[in-house]
Amino acid sequence: MQQEYSPADIEAKVQQHWQQEKTFRAVEDNEKEKYYCLAMFPYPSGQLHMGHVRNYTIGDVIARYHRMQGKNVLQPMGWDAFGLPAENAAIKNKVAPAAWTYDNIDYMRAQLQRLGLGYDWERELATCSPEYYRWEQWLFIRLFEKGLVYKKTAAVNWDPVDNTVLANEQVIDGRGWRSGALVEKRDIPQWFMKITDYAEQLLNDLDQLDGWPEQVKTMQANWIGRSEGLQIEFDIVDSTEKLAVYTTRPDTLMGVTYLAVAAEHPLALKSAESNAELQAFIDECRRMETSEAALETADKKGVATGLMATHPITGELVPVWAANFVLMGYGTGAVMSVPAHDQRDYEFANQYGLAIKQVIAPAHDETCDLTVAAFTEKGQLVNSGQFDGLSSAASFDAIAQQLEQQNKGERQVNYRLRDWGVSRQRYWGTPIPIINCPDCGAVPVPEADLPVRLPEDVIVDGSGSPIKSMPEFYQCACPRCGSDAERETDTFDTFFESSWYYARFTCPDNSEAMLDERAKHWLPVDQYIGGIEHAVLHLLYARFFHKLMRDEGLVAGDEPFKNLLTQGMVLKDGMKMSKSKGNTVDPQALIDQYGADTARLFMMFAAPPEQSLEWSDKAVEGSNRFLKRLWRFTIEHVEKGACTTLIIDSLSDDLKAVRRQTYQALTKVSDDIGRRHTFNTAIAAVMELMNAVTKLDDNSEQARAVIQEALEMTVLMLSPITPHICHQLWQLLGHEEAVVNADWPQVDDSALVQDKIELMIQVNGKLRAKMKVDADADKATVEALAVADENVQKFIADKEIRKIIVVPGRLINIVVAG
RNA sequence: GCCGGGGUGGCGGAACUGGUAGACGCGCUGGAUUCAAAAUCCAGUUACUUCGGUAGUGUCGGUUCGAUUCCGACCCUCGGUACCA
């Protein structure tokens with residue numbers, strides 16, 4: 001028998017067994033409860049990083065646990081294969097993005113297999129394959145026909161030196177990452193999806209997601225940002241133009257002292273024709289970054305347009321300013337400014353000497369000092385003419401009613417959420433299946449012509465997408481009128497692919513349809529696991545897609561992911577691992593040195609999944625040490641030969657204690673893995689059990705039987721986490737059937753019974769003594785024993801006992817005077 | 001800026017519903033074993049202490065018999081911020 005723990009041999013052998021037995025192949029089976037466990041698929045960047053190891057181990061542990069619960073588990077894996085890094089690698093290494101991507105997939109697949117993850121590889125998919133992306137082209141056309149997609153101009157980051165569009169990530173301090181040129185905003189026509197049509201559903205259906213973390217639901221709700229307000233029209237003096245603004249605070253309407261429009265607003269552009277200062281300001285704004293973080297943290301600047309607007313109620317004239325913090329693509333591109341009651345407006349007004357007019361007075365005892373800051377709370381209206389004395393809430397209706405009567409405003413529900421711009425001016429993505437005809441306009445590619453294949457044999461040189469200079473790709477005939485036309489050369493946002501892959505995994509081999517009945521069998525995903533960084537965008541887009549597919553009759557149910565687990569990052573020295581910081585740890589080296597089980601055990605033990613995980617070489621060694629200890633102890637136990645049957649009534653107190661600890665551990669581990677997903681505490685409980693068992697100094701036959709039971713439980717409990725070693729140990733312990741097919745054990749309640757329990761005794765909340773009492777001792781007995789305790793008496797002395805608090809099974813707190 | 005997390009020994013973390021702060025592991029210290037080392041095993045390990053205790057969970061304040069846990073203010077840090085995935 002093998003004395004030394006040799007993970008390389010064991011793991012190869014066990015993985016081969018799984019492969020031969022097709023252990024993880026998922027077949028639809030209506031007899032069993034289905035369980036779809038999915039970890040977010042990786043971008044094939046080249047090699048696995050620690051975050052992947054963590055993510056996929058968590059998923060695998062959960063999947064294997066549910067398998068042991070008798071469920072029919074589907075756990076697939078695939079590749080989020082389109083994206084920017086492939087193009088960057090192509091420029092750097094002069095390889096085509098496709099070839100680079102496929103090589104990476106092959107390498108990373110092998111790495112995942114080496115980790116012993118229980119995937120059904122027959123369902124593997126890569127989003128860059130035409131068999132996959134044809135169906136999102138197909139869906140896009142269906143949505144086009146439904147009117148759920150449209151084209152409009154929107155701003156992108158333009159690098160004037162490289163003549164290319166940059167991602168926000170590629171803009172560093174306002175400059176292009178490669179050229180160093182100052183980035184400009186450029187407006188180009190792009191496709192949008194009407195996610196705002198689904199805003200209400202996306203918000204309301206969050207209530208269905210009991211299995212999601214509250215923080216993620218809160219972030220999504222805030223991102224959607226539903227608000228109820230008033231759209232108000234201001235007339236522009238000496239013009240037929242009107243300026244519409246949206247406000248959630250109509251109660252402050254009488255305090256408006258100026259209006260602010262985006263620099264790109266038509267009114268600003270028109271005024272700039274005869275206003276050099278304004279034109280210069282608009283040009284300056286054009287050089288700003290497009291990201292919200294950059295915009296919001298930039299200095300707030302503005303220039304008067306020279307236009308005046310008429311206040312819709314008072315008729316007073318207020319100036320119209322152009323300001324860099326007002327976004328054209330957001331709402332109406334204009335806001336009303338109430339410096340007295342909005343902090344940003346307040347600072348802007350002070351900076352430019354604009355009037356500040358208080359119209360809200362505090363209703364309670366809030367402080368209101370307009371020489372220091374704006375008063376942003378709601379309150380009671382003042383300086384508001386006929387509305388004076390109304391509360392903020394009451395004035396909403398009064399003001400809305402008056403404006404509605406005068407046709408100068410209407411109630412509106414608004415969302416912070418903006419429609420989803422899906423066009424990317426990049427090569428390595430799904431071609432947008434639209435043909436632009438000079439006569440017919442945008443015409444969808446006929447279904448029979450799908451997929452629109454992306455040419456894969458190309459050279460990428462950094463001067464933009466190669467298909468934009470490939471007539472053989474873009475030249476075509478209009479499907480409607482037959483005249484010369486051009487294909488879209490833009491590709492989809494890669495969030496497109498990752499928004500529905502979870503559904504395609506149920507039927508990846510279907511070449512006739514996007515999805516089939518199997519989608520309705522397996523969905524929703526029972527457990528989805530991925531990085532917290534996806535809390536808003538990916539998860540919102542996937543939820544949106546699910547509703548789109550539902551409305552196409554492709555899936556049932558409103559939501560794609562029943563339960564969500566968001567994992568934290570893997571850090572080294574408190575920092576995110578990254579190539580640029582040079583602090584990466586290669587998982588391959590970890591596996592090569594210690595084996596997959598040690599890697600998995602460390603990842604699960606070092607921190608609970610939702611927290612960030614601090615890398616530690618030493619702690620990895622500790623995990624390895626534990627497995628070695630378990631291995632050695634089991635071998636030693638097994639070598640002593642077969643065990644006799646347990647005779648529970650005959651056990652000594654020590655052996656009873658070990659049995660109790662065995663089942664206490666099982667109770668805790670079942671809860672920790674099944675409900676809490678705190679694998680670290682589950683492992684700690686198993687370690688405690690092992691410590692107790694190895695300390696047992698008893699060579700009797702009954703002791704060996706107790707140890708056999710404890711070891712069997714240990715192997716079963718650890719098998720989802722370290723499946724290879726457990727497979728082997730399970731055999732050694734005398735089992736024919738593979739542990740992967742074993743049932744999760746049942747708790748023996750009789751083993752848990754305790755006749756004495758330990759209680760803490762506090763005096764005035766401070767721990768002063770401990771005592772053991774009968775488990776069924778009544779309150780009076782417990783109080784009397786506590787007060788009588790020698791050490792307790794020292795602290796009570798001759799003081800008066802005011803009261804005694806007894807928390808059953810836990811503690812007694814004696815409250816004394818003085 | 002805004003939205004959402006996090007902050008506990010030398011380190012990773014535990015304490016699940018307001019009830020023993022520091023489980024489990026790492027590291028360190030001492031011991032056993034060894035010619036010696038590695039490995040392994042055993043014991044100890046929050047700080048201070050007059051050895052009775054006292055203080056202690058980012059900071060300051062509050063509620064409570066009792067607060068890591070609840071409330072208020074603040075500091076630091078991480079994730080997201082719509083073209084990184």
Side-chain angles (χ1 to χ4, degrees), chain A residues 40 42-43 45 80 82-85 88 156-157 165-171 190 195 213-216 218-223 225 290-298 300 325 329 344 416-426 493-495 498 531-538 540-541 566 568-569 571 574-576 602 605-608 610-623 625-626 628-629 632 671-672 675-676 678 680-681 683-688 691 694 758-767 770 794 802-805 807 810-816:
Chain A
M40 291 179 186
Y43 178 79
S45 56
D80 189 13
F82 276 138
L84 209 44
N88 297 333
V156 293
N157 300 306
V165 175
L166 298 178
N168 285 339
E169 185 193 48
Q170 298 172 312
V171 180
Q190 307 194 61
I195 191 171
E214 280 307 319
Q215 44 150 322
V216 173
T218 304
M219 278 191 265
Q220 293 222 347
N222 290 341
W223 183 265
T290 54
S291 79
E292 193 198 39
L295 278 167
E296 289 284 340
T297 50
K300 309 289 179 281
F325 56 83
R344 186 172 64 184
R416 201 188 80 95
L417 181 70
R418 313 199 291 261
D419 275 340
W420 178 12
V422 295
S423 296
R424 295 292 180 271
Q425 297 69 45
R426 313 207 187 289
D493 179 3
T494 56
F495 275 127
S498 54
I532 183 65
E533 66 273 18
H534 294 296
V536 176
L537 291 180
H538 161 64
L540 190 67
Y541 291 140
T566 50
M569 312 239 147
L571 308 176
M575 290 180 298
K576 192 175 172 176
F602 165 71
F605 183 54
E610 309 217 328
Q611 283 181 35
S612 59
L613 179 152
E614 180 68 31
W615 175 262
S616 159
D617 291 313
K618 286 292 181 187
V620 173
E621 279 178 41
S623 295
R625 196 146 49 216
F626 173 74
K628 285 201 273 195
R629 200 155 39 216
R632 205 176 325 114
D671 189 46
D672 282 353
R675 177 182 64 92
R676 297 210 304 155
T678 50
N680 57 330
T681 51
I683 294 164
V686 174
M687 286 175 167
E688 275 185 277
N691 288 343
T694 53
E758 194 176 33
L759 294 182
M760 304 301 126
I761 311 173
Q762 297 181 338
V763 178
N764 284 349
K766 292 193 174 172
L767 184 66
K770 298 176 186 183
K794 280 202 298 193
R802 291 220 171 128
K803 61 175 161 177
I804 300 178
I805 289 152
V807 183
R810 284 195 178 267
L811 63 67
I812 302 111
N813 187 15
I814 302 162
V815 184
V816 297

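All chains are named by letter (A, B, ...) in the order of the sequence lines, taking the proteins before the strands, and each is independently numbered beginning at 1.
- With a cut-off of 3.5 Å on both Watson-Crick or G-U wobble distances, the partner of B/G25 is given as B/C11.
- Straight-line distance between the P atoms of B/U63 and B/C16: roughly 25 Å, to the nearest whole Å.
- Distances shown here put a side-chain N or O of A/N222 below 4.0 Å from the OP1 or OP2 atom of B/G4.
- Contact between the side-chain N/O atoms of A/N680 and the OP1/OP2 oxygens of B/A14 is found at a separation under 4.0 Å.
- Here B/G12 is in the anti range [glycosidic angle more than 90° from 0].
- Between A/R629 and B/C41 there is a side-chain N or O to OP1 or OP2 distance below 4.0 Å.
- Within the nucleic acid shown, A/F605 comes within 4.0 Å of at least one base atom, counting heavy atoms only.
- Across all strands shown, the partner of B/A55 is B/U46, judged by Watson-Crick or G-U wobble contacts whose two distances both fall under 3.5 Å.
- Taking the P atom of each, B/A36 and B/U20 are spaced 48 Å apart, rounded to whole Å.
- As rounded to the nearest Å, B/C75 and B/U59 have C1' atoms that lie 7 Å from one another.
- Taking side-chain N and O atoms only, A/R625 has a distance below 4.0 Å to OP1 or OP2 of B/C26.
- For B/U69 and B/G80, the C1' atoms lie 27 Å apart once the distance is rounded to whole Å.
- Nucleic acid contact class of A/Q762 (heavy atoms, under 4.0 Å, all strands): base.
- Looking at A/N168 and A/T290, their side chains do bring a donor and an acceptor atom within 3.5 Å of each other.
- Taking atom C1' in both B/U68 and B/G6, the straight-line distance is 13 Å, to the nearest Å.
- Taking CD1 of A/I814 as the reference point, atom CZ of A/R802 lies at 14.5 Å (rounded to 0.5 Å).
- Contact annotation: A/N88 does not reach the phosphate of B/C84 (side-chain N/O to OP1 or OP2, under 4.0 Å).
- The phosphate of B/A85 has OP1 or OP2 within less than 4.0 Å of a side-chain N or O from A/T494.
- Note on A/R676: every side-chain N or O is 4.0 Å or more away from OP1 and OP2 of B/A14.
- Rounded to whole Å, the P atom of B/G61 lies 28 Å from the corresponding atom of B/G53.
- Interface remark: the A/E292 side chain does form a donor-acceptor pair with the B/G1 base, using a distance-only criterion of under 3.5 Å.
- Between A/N813 and B/G19 there is no side-chain N or O to OP1 or OP2 distance below 4.0 Å.
- Taking atom C1' in both B/G9 and B/A82, one finds a spacing of 43 Å when rounded to whole Å.
- Taking 4.0 Å as the cut-off between side-chain N and carboxylate O, A/R416 and A/E292 count as a salt-bridged pair.
- Using C1' as the reference atom, B/U50 and B/G62 are 35 Å apart when rounded to the nearest Å.
- Candidate nucleotides B/G1, B/G12, B/G79 were compared by shortest atom distance to the side chain of A/E296, and B/G1 ranks first.
- When the side-chain nitrogen and oxygen atoms of A/K770 are compared with OP1 and OP2 of B/G19, none of them lie within a distance under 4.0 Å.
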